[in-house]
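Numbers for residues simply follow the sequence, beginning at 1. Heavy-atom basis, side chains included; hydrogens, waters and symmetry copies ignored.
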Amino acid sequence: LKGAVQKYAWGKLGNRSYAAKFFGLQGGTVDENETYAELWFGDHPSGSSQVVLASSTEMDFAHYLTQNPEFLGRAHSDTGQLPYLFKILSINKALSLQAHPDKELASNLHSQFPDQYKDSNHKPEMAIALTPMKALCGFRPLCEISTHIREVPELYATLGEAASKRFLSAVETDSLVAGTEALKELFECLINCDKEVSSVQLQKLVKRIEKSEDPVDVVVRTVYNDFPNDVGVFCIYLMNLLFLQPGQGIFLAANEPHAYLEGDCVECMARSDNVVRAGLTPKAIDKNTLVSMLTYNASKPKLYEGEEKRSSLWTSKSYTPPVDEFSMTHSSIASGGVIECLSRGPSILLVLGGSGEVKCGDEVLSLAEGSSVAVGANRKFSITSNAHNLELFNVEIGRA
């Protein structure tokens, strides 16, 4: 496969970007003055990969799957589509404050606003860090939000005394229902607040913390510099701020708020491009939909470290989110090592480093850094490492 590149404004410049690096390794031309945000591996109409056939000719992956439905396996041949979309992301500045709809809401939004919501599917997703990564993921525990309202005067002033006191009182009751309702009211109050008020308070905040080395304050200043006077900056105090190390992953269920802030990762999701935004973006926003759709769960998110298996010559970590559409495995294979695989559904391999080969029946393909290979459903195949340590991801249908 050859991935489809996306040059969104939040991406990294030129070959500083993992997306650009792998695009170049697959034969693409990288412009050092352009931003490269994502590299897509899949058949989504907004960016379908290209299949390199045995004759060295190329074909659109979506077209290939239409002609070869057996590649998808029995479970998905009726749709003619991959159930997932796999990506490399390279993040230079914050993505939008966003959430992805569940299936029912996605169907309704697509029906009503097809130009903005281009498909009717849900979009649960998992990101695994390739480099140190910062992200906002879900709402903080209510007690942490209360602390920030008390200790960040600019946040208190933006929310207003009445809304702030109602939230603090609700949290003190220790009632989950009251706390959840209060959080929804607080979030709605924040993102719909008077823009002049929030702009003045953000300026005061950034001035007050300009020399602070507190990790949260550093992130607030960074995001503010990219999105000055955007009320979404205040959401850093309401949401869990995560500092992921390479190999750590997060799962983002439907209707949960999040925003990637910095770093590089691989990401897999159900086959959709539906995003509901409310801030930190020049793109279209839909505050009312976002407020109404969120679950308002307020807790620390689970960090996925991967379930490890190993032999003397290889180590693999499986990342299994609670969805049917996809799962991911990261493998590292020493020289001469072999991993035997059976694809439950269509699989996509992406080589991060090293060299080797993949063998499926009588077919053998060489692997090198940047290689991406698609394997059909219900096929036995082996991955062998050559002279250098072979590191790769294998994406397939889920185990939920």
Taking every heavy atom of Ile88 against every heavy atom of Ala19, the minimum-distance pair comes out as CG2-N, 3.9 Å

By the salt bridge (charged side-chain N to carboxylate O under 4.0 Å, His left out) test, which pairs, at least two apart or in different chains, include something from residues 241-267? Lys12-Asp264, Lys134-Glu262

When the ring planes of Phe139 and Tyr296 are compared, do they come out parallel, tilted or perpendicular, using 30° and 60° as the limits? parallel

Can Lys317 be said to sit on top of Tyr319's aromatic six-ring, NZ or CZ under 6.0 Å from centre and within 45° of the ring axis? no

So salt bridge (charged side-chain N to carboxylate O under 4.0 Å, His left out) across residues 359-376, not counting sequence neighbours, yields Lys21-Glu369

Which pairs of donor and acceptor atoms, one on a side chain in residues 218-228, lie under 3.5 Å apart (sequence neighbours left out)?
unit_1, atom_1, unit_2, atom_2, d
Arg221, NH1, Ile209, O, 2.6
Arg221, NH1, Ser212, O, 2.8
Arg221, NH2, Ser212, O, 3.2
Thr222, OG1, Val218, O, 3.0
Tyr224, OH, Asn229, OD1, 3.1
Asn225, ND2, Arg221, O, 3.3

Just by modelled atom types, is the Tyr36 backbone N or O under 3.5 Å from a matching donor or acceptor in the Ser17 side chain? yes

Is the closest side-chain donor-acceptor distance between Asn274 and Asp119 under 3.5 Å? yes

How about Asn121 and Lys103: do any of their side-chain heavy atoms sit closer than 4.5 Å? yes

Donor-acceptor pairs under 3.5 angstrom involving side-chain atoms of residues 1-8: please list them, not counting sequence neighbours.
unit_1, atom_1, unit_2, atom_2, d
Lys2, NZ, Glu58, OE2, 2.7
Gln6, NE2, Ser46, O, 3.1
Lys7, NZ, Glu34, OE1, 2.9

Hey, are the side chains of Ser146 and Phe167 touching, using non-hydrogen atoms and a 4.5 Å cut-off? yes

Looking only at the side chains, is there a donor atom on one of Gln67 and His63 sitting less than 3.5 Å from an acceptor on the other? yes

Do Cys137 and Leu252 come close enough that some side-chain heavy atom pair is under 4.5 Å? yes

Looking just at side-chain N and O atoms, do His44 and Gln81 make a donor-acceptor pair shorter than 3.5 Å? no

For residues 332-340, please give each side-chain donor-acceptor pair under 3.5 Å, one per line with the distance, not counting sequence neighbours.
unit_1, atom_1, unit_2, atom_2, d
Ser332, OG, Asn389, ND2, 2.9
Ser335, OG, Asn386, O, 2.7

Close side-chain approach of His258 to Leu136, heavy-atom, < 4.5 Å: no

Listed once per pair and sorted, the salt bridge (charged side-chain N to carboxylate O under 4.0 Å, His left out) pairs that draw on residues 176-205, sequence neighbours left out: Arg166-Glu185

Verify the neighbour count for atom CD of Glu305: are there more than 12 heavy atoms of other residues, nucleotides or ligands below 6.0 Å? yes

